[in-house]
Protein chains: 2
Amino acid sequence: MTTIKDVARHAGVSVATVSRVINEAGYVHEDTRRKVENAIQELNYTPNEVARSLYKRKSRLIGLLLPDITNPYFPQLARGVEDRMQESGFRLIFGNSDESQSKEQDYIQTFVQNNVVGVISSTNDPGSLSYRSLKIPVVFLDRISSDRPAVYADGREGGRMAAQQMVQRGSRQITVMQGPAHIRPAQDRFQGAIEALQDMGMSYQITQTTSFSFTEADRWARELFEQYPDTDGVIASNDITAAAVIQEAHRLSKRIPADIQIIGFDDTPLSNLLSPALSTIRQPAYDMGRAAADLLIQLIEGTAGEQRTIQMPVQFIERATTRSLS
Amino acid sequence: MTTIKDVARHAGVSVATVSRVINEAGYVHEDTRRKVENAIQELNYTPNEVARSLYKRKSRLIGLLLPDITNPYFPQLARGVEDRMQESGFRLIFGNSDESQSKEQDYIQTFVQNNVVGVISSTNDPGSLSYRSLKIPVVFLDRISSDRPAVYADGREGGRMAAQQMVQRGSRQITVMQGPAHIRPAQDRFQGAIEALQDMGMSYQITQTTSFSFTEADRWARELFEQYPDTDGVIASNDITAAAVIQEAHRLSKRIPADIQIIGFDDTPLSNLLSPALSTIRQPAYDMGRAAADLLIQLIEGTAGEQRTIQMPVQFIERATTRSLS
């Protein structure tokens, strides 16, 4: 590989001069600059990013921390972040936190050691010292923070929408699945649904789930129908649990949506491939990822405006697990 | 943040001495070493990884290149890689290639600029100069290479299994979906299925698909039943297309598995949540990711044995889209 020394020798100048040209720092005579630039081109030299980051104390690396990439909601977020970062020449160091604080801290530490210039994190604890003590910009993604930059969807409104659609489309014995207690967006959508049902004067029942995991979704669905065999409407905590509820309803020979309506949350790609296709509340995950990346780049480059928390709209996607309104 | 200068001052030695201790390079008197180590501990100093990588020309960064993290097969692979890398203190720089050669080359270049010590790639072109000219270890994941380290599943055997199960369970007008032509594993499983059907003397029909995308899966399914309305068995190119075939079969009021059997490929988490749950050929994606990481670490550390291509077994997972054998 060509080194900065080769360039200096080829151009007949010192390494320090080449460095000044590359980093656009300090005075270099126009003729000398041209000689160096020609040498760089002729030798097809690529400055070593590590050396540059040491010199300028700046890399083009961003740390991205998500709970678990195997939950089908998160690849969309990650993809949005990556596509936007790629457009501006940033690269991602990626980690899964598994909602574990120690794993999270461990990652943040190595992000810093690798001189990342910014962090995007879907943490459950935006107020923690790990983040407050960071001297680089942080954007929280899919997580609400009142005093730090954040991009998230309007989960409360999403929950309200799901409840209103259920009632408008005729369900009267509605069951709301409460998602994991430690995940704030799950609680927001749950609260929104409960509020709307109370506003409409509807009775309802609640089941608890403690994870969004594929392997446990079956269990939540079985428990739901054991507790409330006559329910005629399920507001699921996300698309995965909704898929399990569809399966269990089939097993119990309930017709969807004639006997029971089901609404998911997220609009992950799988929801359109279920049978019947799942009506759900759409979070614009890919766009949220892009927006977070965009905000972080602005923060890094010092061009961010006053608006540093971005709430994205949610939307009811009508498919085949709800009855038609007409 | 504590710097190496702080450590040197605290220990009463030069920065060069601290550097020699940290990097275990060059002679340092035992007493001096102890002074430096104490200073490091007292000041809670973490060596800057970038500075270390510049000095030692070694980082703890690995480049991981996958086609598209939003295809639900890949998060499993990525998770396996990450979990194994994390155990050994390596971190991942992550990119999606979208099967585009220019994006792939762009990523490889920035991997090198960031001094990664190894690369794991699911490329369609393991023989390309981009890889052959790399001076760091590369492991191909989910891709076969005869002369370079690689971890992949036995796709051909998977295709054979799917065909044998179809025939044993009574399908006689089998349709095989041929996956994208440029993706080698898709062609392997297709060839395996065709071979097995020919060996058994069965007739069959073929439909083409040109992507594994969620948004196009519906189309492949519609085309399949337009071309072959009487098919009674579908060997899908992956779980996503299988999900679309299930939906389309429902729409056409075909009973699954009584009128038509369907077998997917991959065993992504979604396959168990479909209605009916999908019978499929399982690739051990998570384990493949771990195995690739393991092999790469061995190559980096110079402990790899002769066996540098690892073929992982596939397995038929019986669920509810195939008839029972009894």
Side-chain angles (χ1 to χ4, degrees), chain A residues 1 46-54 57 59-61 64 68-72 74-76 78-79 82-83 86 89 91-96 103 106-107 109-115 135 213-215 217-218 240 243-244 246-247 249-251 256 268-270 272-277 286, chain B residues 1 46-54 57 59-61 64 68-72 74-76 78-79 82-83 86 89 91-96 103 106-107 109-115 135 213-215 217-218 240 243-244 246-247 249-251 256 268-270 272-277 286:
Chain A
M1 206 155 83
T46 319
N48 181 304
E49 283 290 329
V50 170
R52 293 194 62 180
S53 81
L54 185 70
R57 290 258 142 224
S59 74
R60 301 290 280 179
L61 289 175
L64 173 64
D68 181 5
I69 196 73
T70 65
N71 173 328
F74 291 113
Q76 310 286 321
R79 198 60 223 254
E82 193 231 335
D83 285 359
Q86 219 235 354
R91 294 289 176 257
L92 296 179
I93 304 185
F94 172 71
N96 294 295
K103 254 188 116 170
D106 185 40
Y107 262 114
Q109 201 186 353
T110 59
F111 286 166
V112 170
Q113 286 170 350
N114 283 292
N115 274 11
K135 292 190 180 60
S213 129
F214 273 105
T215 46
D218 301 17
I240 296 174
I246 292 176
Q247 260 194 349
H250 281 306
R251 208 181 59 79
I256 307 169
T268 54
L270 95 97
N272 192 33
L273 290 177
L274 297 173
S275 301
Y286 179 81
Chain B
M1 205 155 86
T46 319
N48 180 306
E49 283 290 329
V50 169
R52 292 194 62 180
S53 81
L54 186 72
R57 291 255 141 226
S59 74
R60 302 290 279 181
L61 290 174
L64 173 64
D68 182 5
I69 196 76
T70 65
N71 173 329
F74 291 112
Q76 311 286 322
R79 197 62 222 253
E82 193 230 335
D83 284 359
Q86 219 235 355
R91 294 289 176 257
L92 297 178
I93 305 186
F94 172 70
N96 294 295
K103 256 189 113 168
D106 185 41
Y107 262 114
Q109 202 187 350
T110 59
F111 286 166
V112 170
Q113 286 171 350
N114 283 291
N115 274 10
K135 293 190 179 61
S213 128
F214 273 105
T215 47
D218 301 15
I240 296 175
I246 292 176
Q247 260 195 348
H250 280 305
R251 209 182 58 79
I256 308 168
T268 54
L270 95 97
N272 193 34
L273 289 177
L274 297 173
S275 301
Y286 178 82

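Chain identifiers are assigned alphabetically (A, B, ...) following the order of the sequence lines, protein sequences preceding nucleic acid strands; residue numbering begins at 1 within each chain.
Put simply, OG1 on T70(A) and CZ on R79(B) are 6.0 Å apart, with the number rounded to the nearest 0.5 Å. Interatomic distance, CZ of R60(A) versus CD of Q113(B), reported as 11.0 Å (0.5 Å rounding). Distance CG/L61(A) to CD1/I93(B): 5.0 Å, rounded to 0.5 Å. Here the CD-CD1 distance, from E82(B) to I69(A), works out to 9.5 Å after rounding to the nearest 0.5 Å. If you take CG on L273(B) and CG on L273(A), they are separated by 12.5 Å, rounding to the nearest 0.5 Å.
Among the candidates Q86(B), Q76(B), R251(B), H250(B), the residue making the largest number of heavy-atom pairs closer than 4.5 Å to chain A is Q86(B). For the set N96(A), T215(A), N71(A), the count of heavy-atom pairs under 4.5 angstrom toward chain B peaks at N96(A). When each of A243(B), P269(B), G89(B), A277(B) is scored by its heavy-atom pairs under 4.5 Å with chain A, the top score falls to P269(B). By number of non-hydrogen pairs under 4.5 angstrom with chain B, the leading residue of L64(A), L270(A), T268(A), D106(A) is D106(A). For chain A, the option among S275(B), A78(B), A217(B), A244(B) with the highest count of heavy-atom pairs below 4.5 Å is S275(B).
Side-chain atoms of Q247(B) come within 3.5 Å of backbone N or O of N272(A) as a donor-acceptor pair.
Residues forming a ring pair (Phe, Tyr, Trp, His ring centres under 6.0 Å) with F94(B) (at least two apart in sequence, or on another chain): none. Under the rule for a ring pair (Phe, Tyr, Trp, His ring centres under 6.0 Å), F74(B) has no partner lying at least two apart in sequence or in another chain.
Contacts between D218(A) and chain B at a heavy-atom distance below 4.5 Å involve the side chain alone, from C-beta outward. When heavy atoms are compared at a cutoff of 4.5 Å, D68(A) approaches chain B by way of both its backbone and its side chain. Contacts of P72(A) with chain B are absent, with no heavy-atom separation under 4.5 Å from either backbone or side chain.
At least one test fails for R91(A) against the ring of F111(B): distance under 6.0 Å to the centre or angle within 45° of the axis.
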